[in-house]
Amino acid sequence: QVQLVESGGGLVQPGGSLRLSCKASGLTFSRAAMGWFRQAPGKEREFVASIDISGAVTLYADSVKGRFTISRANAKNTVYLQMNSLKPEDTAVYYCAASGRAWSIQESHFGSWGQGTQVTVSS
C-alpha cells in the first residue's frame, strides 16, 4: 500500500521559514514525479510545486516562485518543500502527492496523496 507521510508543518510568523518533508513507501519512488498542493480554508486545492523523477526539472506556482523550493532525495524516498519568506496567504493544509508520470503538475496525474499537514502563518 502506498503511503505518504508528511511532517514539518506548524505555526510560523510572517517572513519565517518551514521545511516540509514527505516520506514515501509502497511505491518505486525514483519513478514517481512528486508534487505539493495546498488547500486554504474556503478555497479549492491548488498546485504549489512539482519535481520530476530525477529532481532536474521543477515547476512552481507563481504565488510561491522565488520563495519555495522543492527537492527530493531518492535514496531516502523523501521529497521536501523548503518555504521561505512565508506570508499569511500561505496558510493552508499542504499535501504531498505521487504520480506515475515522469513529471506532471496536473492533479489528475497524482494517484497517491498524503494526509496533509497544516501550515499557519500568523503574527
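Basis for what follows: all heavy atoms, side chains included, without hydrogens, waters or symmetry-related copies.
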Original post:
Looking at Ala33 and Ile53, what are the two nearest heavy atoms and their distance?
Top reply: N-CG2, 3.8 Å
**OP:** Identify the two heavy atoms, one from Val48 and one from Tyr94, that lie closest to each other, and give their separation to 0.1 Å.
**Re:** CG2-CE2, 4.4 Å
Original post:
If we only count heavy atoms from C-beta on, is the Met83 to Ser17 side-chain gap below 4.5 Å?
Top reply: no
Subject >> Phe37 ring center near Phe110 ring center (under 6.0 Å) >> reply: yes
Subject >> Ser99 (side chain) donor-acceptor with His109 (main chain) under 3.5 angstrom >> reply: yes
Subject >> Residue pair Ile70 / Val79, side-chain heavy-atom distance below 4.5 Å >> reply: yes
Original post:
Roughly how far apart are Ile51 CD1 and Ile105 CD1, rounded to 0.5 Å?
Top reply: 14.5 Å
**OP:** For side chain to side chain donor-acceptor pair (under 3.5 Å), just list the numbers for Ser30 and Asn74, CA-CA rounded to whole Å, side-chain angles, deciding distance to a tenth of an Å, and then say yes or no.
**Re:** CA-CA 6 Å; Ser30 62; Asn74 284 352; 5.4 Å; no
**OP:** Kindly indicate whether a cation-pi arrangement holds for Arg72 with Phe29, taking the cut-offs as under 6.0 Å to the six-membered ring centre and within 45° of the axis.
**Re:** yes
**OP:** Report yes if the distance between the aromatic ring centroids of Phe68 and Trp36 is under 6.0 Å, otherwise no.
**Re:** no
**OP:** For the pair Tyr95 (side chain) and Gly35 (backbone), establish whether a donor and an acceptor sit closer than 3.5 Å, ignoring hydrogens and angles.
**Re:** no
Original post:
Okay, side chain of Thr117, backbone of Ser7: is any donor-acceptor separation there less than 3.5 Å?
Top reply: no
Original post:
Are any side-chain N or O atoms of Arg67 and backbone N or O atoms of Ser85, one a donor and one an acceptor, separated by less than 3.5 Å?
Top reply: yes
Subject >> Cluster link Leu20 to Leu4, ILVMFWY, side chain under 4.5 Å >> reply: yes
**OP:** Compare every heavy atom of Asn84 with every heavy atom of Gln82, then report the nearest pair and how far apart it is.
**Re:** NE2-OD1, 2.9 Å
Original post:
Atom CD of Glu6 and atom CD of Gln118: how far apart are they, to the nearest 0.5 Å?
Top reply: 11.5 Å
**OP:** Run the numbers on Ser122 and Gln13 for side-chain contact (heavy atoms from CB on, under 4.5 Å), then give the verdict.
**Re:** CA-CA 5 Å; Ser122 178; Gln13 293 185 342; over 6 Å; no
Original post:
Cation over ring, Arg19 on Tyr80, under 6.0 Å and within 45°?
Top reply: yes
Subject >> NZ/NE/NH1/NH2 to OD/OE distance under 4.0 Å, Asp52 and Arg101 >> reply: no
Subject >> Backbone of Ser104 reached by a side-chain donor or acceptor of Ser50 within 3.5 Å >> reply: yes
**OP:** To the nearest 0.5 Å, tell me how far Cys22 SG sits from Met34 CE.
**Re:** 4.5 Å
Original post:
Out of curiosity, Leu86 CG to Thr91 OG1, how far, rounded to the nearest 0.5 Å?
Top reply: 8.5 Å
Original post:
Is Asp62 salt-bridged to Lys65, cutoff N-O under 4.0 Å?
Top reply: yes
Original post:
Run the side-chain contact (heavy atoms from CB on, under 4.5 Å) check on Glu107 and Trp113 step by step: do they pass?
Top reply: CA-CA 10 Å; Glu107 186 171 326; Trp113 294 80; 3.6 Å; yes
Subject >> Whether Gln3 side chain and Ala24 backbone form a donor-acceptor pair below 3.5 Å >> reply: no
Subject >> Verdict with reasoning, Lys23 to Asn77, per side-chain contact (heavy atoms from CB on, under 4.5 Å) >> reply: CA-CA 6 Å; Lys23 175 72 173 181; Asn77 285 13; 4.1 Å; yes
**OP:** Output the distance between atom CD (Glu44) and atom CZ (Arg38), rounded to the nearest 0.5 Å.
**Re:** 14.0 Å
**OP:** Would you please test Val119 and Leu18 for side-chain contact (heavy atoms from CB on, under 4.5 Å) and show each step?
**Re:** CA-CA 9 Å; Val119 173; Leu18 285 173; 3.9 Å; yes
**OP:** Verify, without hydrogens or angle tests, whether Lys87 (side chain) and Val121 (backbone) share a donor-acceptor contact under 3.5 angstrom.
**Re:** no
